[in-house]
There are 2 protein chains.
Amino acid sequence: MATFCGSRYNNNELVNDKGIVMNQPKMTDVAKKAGVSPTTVSRVINRRGYLSTKTINKVEAAMRELNYRPNMVARQLQSQRTMTIGILVPTVANPFFGELTYKLERDFFNAGFKVLIGNAENDVEKERLYLQQLLARQVDGLVIATHNHQQQIPEYQNANLPIVSIDRYLRASIPNVSSDNYAGGRLATEELIARGAKHIIHTDSVERFNKRDYLRQQAYQDVMNEHGLTPVTYKIDFGSQPELMRQFFNRILDEHPEADGFFASNDMDAIQLLQTARQREIRVPEDLQVIGYDGVPTTTRIVPELSTIVQPLDEMAKVAVDILQREINGERVTGSHNLPVRLRASASLKQ
Amino acid sequence: MATFCGSRYNNNELVNDKGIVMNQPKMTDVAKKAGVSPTTVSRVINRRGYLSTKTINKVEAAMRELNYRPNMVARQLQSQRTMTIGILVPTVANPFFGELTYKLERDFFNAGFKVLIGNAENDVEKERLYLQQLLARQVDGLVIATHNHQQQIPEYQNANLPIVSIDRYLRASIPNVSSDNYAGGRLATEELIARGAKHIIHTDSVERFNKRDYLRQQAYQDVMNEHGLTPVTYKIDFGSQPELMRQFFNRILDEHPEADGFFASNDMDAIQLLQTARQREIRVPEDLQVIGYDGVPTTTRIVPELSTIVQPLDEMAKVAVDILQREINGERVTGSHNLPVRLRASASLKQ
DNA sequence: CTGAAAGCGCTAACAG
DNA sequence: CTGTTAGCGCTTTCAG
């Protein structure tokens with residue numbers, strides 16, 4: 001009996017130890033070897049219909065002997081389902097999206113789906129290319145967590161495919177999963193005030209096409225106003241080049257020596273500020289209290305002293321997966337699904 | 001003319017504004033609308049053979065009108081290629097693998113491939129499940145960057161598919177891409193010694209099935225011995241729970257008050273040590289110099305003061321993608337491809 | 001320059 | 001309990 005150990009692939013052919021070329025076995029090969037029809041083999045594989053134990057054994061032996069693996073592509077063409085989901089993120093190299101992707105993939109895997117990943121890199125054209133590919137019946141559904149301007153991507157308007165977006169509006173009929181950005185902004189600001197901060201600076205990355213950061217900023221301003229304090233927001237409108245970041249935060253601290261509180265719209269910015277503060281020998285939290293945003297486990301492990309608003313990534317993934325499955329099953333789902341955030345208070349805040 | 005804006009999907013059907021049910025258009029629909037044969041439509045799509053401009057225009061108009069997208073699955077069945085690569089990592093939530101996955105996906109995308117991702121989570125059974133799926137002609141090739149024991153995964157032995165592994169031995173006929181772990185271990189230790197450290201501790205995560213860390217450790221021990229110094233290696237044989245880590249590093253520093261140098265086999269451990277040192281008011285680098293390993297950009301941005309051995313992830317991804325493409329094209333590739341590492345010296349080392 | 005027919009590997013429908 | 005037939009949507013002969 002030929003063994004496939006040490007076999008080599010060569011395009012679509014198998015070369016066994018004796019150098020005999022043989023194609024990848026298909027169902028008819030198994031059927032022939034087991035002395036049954038292809039249909040029977042299919043039935044054994046899918047455990048459908050009534051089958052005699054003898055047939056099952058014969059077929060399974062033949063499959064094992066041939067090292068047979070059903071061709072998923074053929075099955076997909078027949079069933080009109082790929083059991084595959086496409087996920088579009090800016091980049092999995094970013095810990096936030098790495099964590100999100102991990103959790104999405106995990107939950108989809110448990111639900112029987114595979115995951116195609118696309119790093120759109122804040123590049124509208126790349127996002128369009130991915131979409132065009134994925135819309136070609138390659139996937140049963142789509143999770144969109146990128147941050148490009150959807151207006152420039154017409155594919156979203158006539159995408160005939162279940163989609164769920166994360167923290168982003170695409171179009172009215174596409175459901176969205178977010179965490180409660182307004183509540184997060186309020187929580188951060190209120191905590192700083194409750195701990196005695198009066199001169200609180202807020203930084204925000206520019207995401208023109210996303211209400212997300214706007215809501216965090218809006219909440220910050222509302223709370224400041226409610227307390228008779230003056231809101232000061234700085235927009236980060238450059239990338240995240242360390243040198244520019246350093247200059248930026250130094251400028252803020254130069255312009256606001258009175259600052260005793262700081263709320264950054266994401267943890268990376270908050271961490272950058274902590275570094276700047278340390279260099280300037282500003283004591284945290286005594287002189288300056290700091291809250292970031294996101295609370296990704298990896299980041300928290302590296303910088304445990306940073307207080308932050310934690311987004312419920314676990315729940316967000318679960319809800320997104322659930323919504324997409326319902327859409328795939330023909331259910332109509334729309335609207336925004338807002339999940340609660342929580343504060344992780346640590347050493348960058350006073351007791 | 002029917003427009004698909006606002007259309008809903010419902011299994012495989014399109015429902016247009018007027019509520020009329022219509023299937024996803026296929027090639028025959030386009031052919032009918034354009035008054036040509038399916039073959040001609042195929043030719044237009046693939047720009048194959050001689051075509052009159054008139055025909056091309058007719059067909060393209062029909063495709064646009066119907067919002068036609070070729071069914072990739074059918075095309076894959078026919079061409080026997082999926083143009084898809086499977087990537088298996090422990091988890092993209094880990095910045096190292098997030099970065100690696102990002103770069104692999106980017107390079108594969110540029111080469112015309114899509115990427116299926118699997119987070120095997122150090123779970124042998126999960127890795128096997130992924131493999132079984134991916135081997136079913138779902139992908140044209142596989143990148144394996146997990147760390148499970150390959151002995152427990154027989155699928156690798158008779159996998160009839162192009163594979164490249166990253167930093168891991170799978171079997172003699174499967175090419176491997178690594179960075180030079182031995183050189184990295186040497187470099188780290190030598191730099192510490194050159195800067196005056198005499199009592200250098202080394203920590204290493206337990207990866208029994210991988211020579212990787214063993215090589216780093218081996219190099220450390222060799223260099224120490226060459227310099228007449230006593231090597232001290234601690235194995236981290238628990239997960240990475242912060243509380244255990246804290247205790248662990250405290251214990252090391254308790255047991256070795258004389259320590260003036262520290263080489264951790266990965267940056268997360270090194271960062272944990274930096275935290276412990278700060279809590280114990282041990283000055284870095286004056287009292288204790290520290291070098292980590294990996295040098296992922298994200299980590300470096302968050303903890304710029306950490307010196308580290310930088311793995312050339314960019315190059316590793318490029319080489320892996322190149323090797324896999326060559327394998328896919330029928331070329332036989334084997335052996336270990338070792339890429340050079342470099343030191344990133346920062347504040348955790350003396351000038 | 002264009003079309004008809006066969007087939008990629010599988011499964012569903014229908015027959016026995 | 002098992003087999004025959006047709007077809008998923010595309011591309012590739014081979015004819016014209």
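The basis for the numbers below is simple: all heavy atoms, side chains too, and nothing from hydrogens, waters or symmetry mates. Remember, predicted model here, so these are calculated numbers, not experimental data. Here is how names work: the chains are called A, B, and so on, in the same order as the sequence lines, proteins then strands, and each is numbered from 1.
The closest side-chain heavy-atom distance from B:Ile117 to B:Thr101 is below 4.5 Å.
Taking 3.5 Å as the limit, the base of C:dG3 and the side chain of B:Arg43 contain a donor-acceptor pair of atoms between them. Side chain A:Gln78 to base C:dG9: no donor-acceptor pair is found below 3.5 Å.
Note on B:Thr55: only backbone sugar-phosphate atoms sit closer than 4.0 angstrom, heavy atoms only; bases stay farther off. Within 4.0 Å of B:Val36, counting heavy atoms only, lie sugar-phosphate atoms of the nucleic acid but no base atom. Across all strands shown, B:Leu51 has heavy atoms under 4.0 Å from sugar-phosphate atoms exclusively, and none from any base. Using a 4.0 Å heavy-atom distance criterion, B:Thr39 is classed as a base contact.
The closest donor-acceptor contact from the side chain of A:Arg171 to the backbone of A:Tyr156 lies under 3.5 Å.
The side chain of A:Arg75 contributes an N or O atom lying less than 4.0 Å from OP1 or OP2 of C:dT11. A:Asn46 has a side-chain polar atom (N or O) that falls below the 4.0 Å cut-off from OP1 or OP2 of C:dT11. Proximity of A:Thr40 to the phosphate of D:dC1: no side-chain N or O atom is located under 4.0 Å from OP1 or OP2.
Within a 6.0 Å radius of NZ in B:Lys33, other residues, nucleotides and ligands contribute 12 heavy atoms or fewer.
Between B:Ala159 and B:Leu135, the shortest heavy-atom distance links the atoms CB-CD2, 3.8 Å.
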